[in-house]
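Read the structure below first, then the notes.
Within every chain, numbering begins at 1; the chains are lettered A, B, ... in the order of the sequence lines, protein sequences first and strands thereafter. In this text the structure is predicted, and so the values were computed from the model without any measurement. Scope of the values below: all heavy atoms of this structure, side chains included, with no hydrogens, waters or symmetry mates.
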Amino acid sequence: MTINKKISLALGIAIIVVSAGTAVYQNVNSGSYSTSVAPTGVVNNTQSPTTSNTAVTTTAQAKPASSSKTQSTSNLPSSYTLANIAVHNNGSSCWSAINGGVYDLTSWINQHPGGSQAILSICGKDGSAAFNDQHGGQRRPANELAGFKIGVLASS
Amino acid sequence: MKNFTKKLPFFAPVVLRLGLSGVIIWFGTSQILSPSVWTSYIPDIAMHLTGMSAFTLVIFNGIFEIVAAVFLVFGLWIRPVAGLLFLHMCGIVASVGLDPIGIRDIAIAAGLLSTTFYGNDVLSWHYKPMRTETEVPKLEPEQML
């Protein structure tokens, strides 16, 4: 094996280890959401009927895994007040009310393409204005958001 | 210093190739570890054509990207692999659109196209150094007889 090939092999292994390791590290730090699917059956509303059944089946056994205390979906109330949401106002547990729905965004904080601060700024509060200002009318962010829904905002 | 700067151009395509490989490996690994995060990026037409769920398509896409990037990082069949990844990125740009993510993906596609054009660099597996006059002894006319 020539010296060039040896260098190429070493560099290639280094690149693979660094890149894959970074992705694994970020995945681990973002919480165990990555190993589970969205806790509700509302994943992608634009899916065709044939694929939506598969998605619902996939999500049927999912559990909300963003907090250290995992609970089965059936034990969680389906509606939350702003007071309930205000308790989850930091990076370790981030809930937000957006357009009438309540979303657990904890695992999304480090995954958000626009940076973590944008998500942290709406933790524990109504983030409808911020979300609509940035993503109003866009299909993809709305589809992405739907995967984090855990309930609806109760009218106080 | 002068010799160092003379050698730099040889490593330019190497840096480009390794950088692109690292980025694609990162995205492929992230898709396999967190497929639900990426399902919204799957266009509806892909699900209609394949009949598979977005979750499954993300997994397959992640595997494809990792395999292709591994070939690229070791410099194996650079032109076809980089060309395939370029086409793949063009599809992603077309799907994502001209938002900040799409603009960055255009740059990645341009890098992959550049790698496709360049082909084998000095650290690729199939690199064959060009024979120079110093390597090929020049025979005198008397020696040729």
Enclosure of [X] [atom1] (heavy-atom neighbours >12, cutoff 6.0 Å):
| X | atom1 | result |
| --- | --- | --- |
| A:Phe131 | CZ | yes |
| B:Leu98 | CG | no |
| B:Leu49 | CG | yes |

Got a second to check how far [X]'s [atom1] is from [Y]'s [atom2], nearest 0.5 Å?
| X | Y | atom1 | atom2 | answer |
| --- | --- | --- | --- | --- |
| A:Thr2 | B:Trp125 | OG1 | CH2 | 7.5 Å |
| A:Thr22 | B:Ile25 | OG1 | CD1 | 10.5 Å |
| B:Leu72 | A:Ile15 | CG | CD1 | 11.0 Å |
| A:Ser19 | B:Leu18 | OG | CG | 9.5 Å |

### Query
If you take all heavy atoms of A:Ala23 and B:Ser30, which pair is closest and at what distance?
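Looks like CB-N, 4.1 Å.
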### Message
Please give me the minimum heavy-atom distance between B:Val73 and A:Gly12, naming the atom from each residue.
### Response
CG2-CA, 3.7 Å
### Query
Hey, are the side chains of B:Phe74 and A:Ile13 touching, using non-hydrogen atoms and a 4.5 Å cut-off?
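Side-chain contact under 4.5 Å: yes.
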Would a single hydrophobic cluster contain both [Y] and [X], if residues Ile, Leu, Val, Met, Phe, Trp and Tyr are joined by side-chain heavy-atom contacts under 4.5 Å?
| X | Y | answer |
| --- | --- | --- |
| A:Val102 | A:Val87 | no |
| A:Val17 | B:Val67 | yes |
| B:Val58 | B:Phe60 | yes |
| B:Leu87 | B:Ile78 | yes |
| B:Ile63 | B:Trp26 | yes |

### Query
Tell me, side chain or backbone of A:Ile3 under 4.5 Å from chain B's heavy atoms, or both, or neither?
neither
### Query
What residue in B:Ser124, B:Gly19, B:Gly22 has the most heavy-atom pairs under 4.5 Å with chain A?
B:Gly22
Side chain / backbone / both / neither for [X] at chain A, heavy atoms under 4.5 Å:
| X | value |
| --- | --- |
| B:Ser95 | both |
| B:Ile101 | side chain |
| B:Tyr41 | both |

### Query
Which residues in residues 112-123 of chain B have a heavy atom less than 4.5 Å from any heavy atom of chain A?
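Within residues 112-123 of chain B, the residues under 4.5 Å from chain A are B:Val122, B:Leu123.
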